[in-house]
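See below for the structure under consideration.
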Amino acid sequence: MKSAGDRLFLSPNWHIDCRLIVELPEDSVIGVRFMSYTITSAVTLAAVLFTGWLGYRDLSIRRMIEDAEQRIEQDRWDVIEIRRLQRFYELETKKIEGAYAEMRSPLLISGFMSEVGRTLPDRMLVDTIDRTESKVIIRGGIRESSERASMILGNYVELLRADSEIGPHFTSITLTGLNRSIEDDQVMGYEITFHLKPRSP
């Protein structure tokens, strides 16, 4: 037994611990729940922003496509007009090239036709005169028998070769066709080919 004079020594935990540790709030600086809420909110915000950006991009692309389609529709008539002008200029270019070729040609068609008409024998007709880069072809008919037509055309070809206005412009003048006309058996159809001399550069 202790004596009355003995001192009472108290332990550090002199009272009963009544704390409910499970129900007490966390005492850390940043709580686990706060961190989880923050991360969840950040992910949700990022998803919302990404979805909004995709929506904006889709809307922007749709508007760009609509604008492009409107411009294409507006420019369609311009393209049609440009193509029409291109065809027009091509035709005009061919005319200019043809005129230039006529200017460079040593033979003037008007003079050639005039000389052919002047030297043409009686009963002989000219139906067409075709000209290419290298030759001139005269087609027509003569109302004679085949023997007489052959003789007249042979003499006429010789006359053209000797003509000072026609002969010097061609390398050869030949009778390339003589046939009975289908439409009229009294007419002989003929073809005379004139081969032009090469143009000087």
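Note that this is a predicted model, so its numbers are computed, not measured. We use all heavy atoms of the structure for the numbers below, so side chains are in, but hydrogens, waters and symmetry mates are not.
Side-chain atoms of R180 and S146, non-hydrogen and from C-beta on, do get closer than 4.5 Å to each other. Using a 4.5 Å heavy-atom threshold, the side chains of T174 and V157 count as separate. The side-chain heavy atoms of L178 and M188, taken from C-beta on, include a pair separated by under 4.5 Å.
Taken from OH in Y156 to CE in M124, the straight-line distance is 5.5 Å, to the nearest 0.5 Å. Here D127 contributes atom CG and I138 contributes atom CD1; the two are 11.0 Å apart, rounded to the nearest 0.5 Å. The distance from atom NE2 of H169 to atom CG of L196, rounded to the nearest 0.5 Å, is 9.5 Å. With rounding to the nearest 0.5 angstrom, the OG1 atom of T193 is 8.5 Å from the CG atom of L175. Distance check: I65 CD1 to I61 CD1 gives 7.0 Å after rounding to the nearest 0.5 Å. Y190 OH to L153 CG: the interatomic distance, rounded to the nearest 0.5 Å, is 7.0 Å.
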CA sep, side-chain torsions, deciding dist, call: E81, R84, salt bridge (Lys or Arg N to Asp or Glu O under 4.0 Å) = CA-CA 5 Å; E81 180 65 16; R84 188 189 68 79; 2.7 Å; yes
Step-by-step side-chain contact (heavy atoms from CB on, under 4.5 Å) determination, I142 to I152 = CA-CA 9 Å; I142 181 169; I152 292 173; 3.7 Å; yes
Is there a salt bridge (Lys or Arg N to Asp or Glu O under 4.0 Å) between D67 and R71 once you walk through the steps?
-> CA-CA 6 Å; D67 291 342; R71 285 198 299 271; 5.2 Å; no
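Linking ILVMFWY residues whenever their side-chain heavy atoms come closer than 4.5 Å, directly or via other members, places V126 and L160 in the same cluster. Both M113 and L159 are members of a single hydrophobic cluster when ILVMFWY side chains are connected at heavy-atom separations under 4.5 Å.
Other residues, nucleotides and ligands place no more than 12 heavy atoms under 6.0 Å from the CZ atom of R83.
Side-chain atoms of T171 do not come within 3.5 Å of backbone N or O of K197 as any donor-acceptor pair. Here the side chain of D75 pairs no donor or acceptor atom with the backbone of D78 at under 3.5 angstrom. With hydrogens and angles ignored, the 3.5 Å screen pairs a side-chain donor or acceptor of T119 with a backbone N or O of E115. Between the S60 side chain and the Y56 main chain, no donor and acceptor come within less than 3.5 Å of each other. Using a distance-only test at 3.5 Å, with no hydrogens or angles considered, no donor-acceptor pair links the side chain of R131 to the main chain of V136. Between the side chain of R161 and the backbone N or O of I173 there is at least one donor-acceptor pair closer than 3.5 Å.
Salt bridge D130/R139: present, at least one basic N to carboxylate O contact under 4.0 Å. Salt-bridge check for D122 with R143: failed, with every basic side-chain N at 4.0 Å or more from each acidic carboxylate O.
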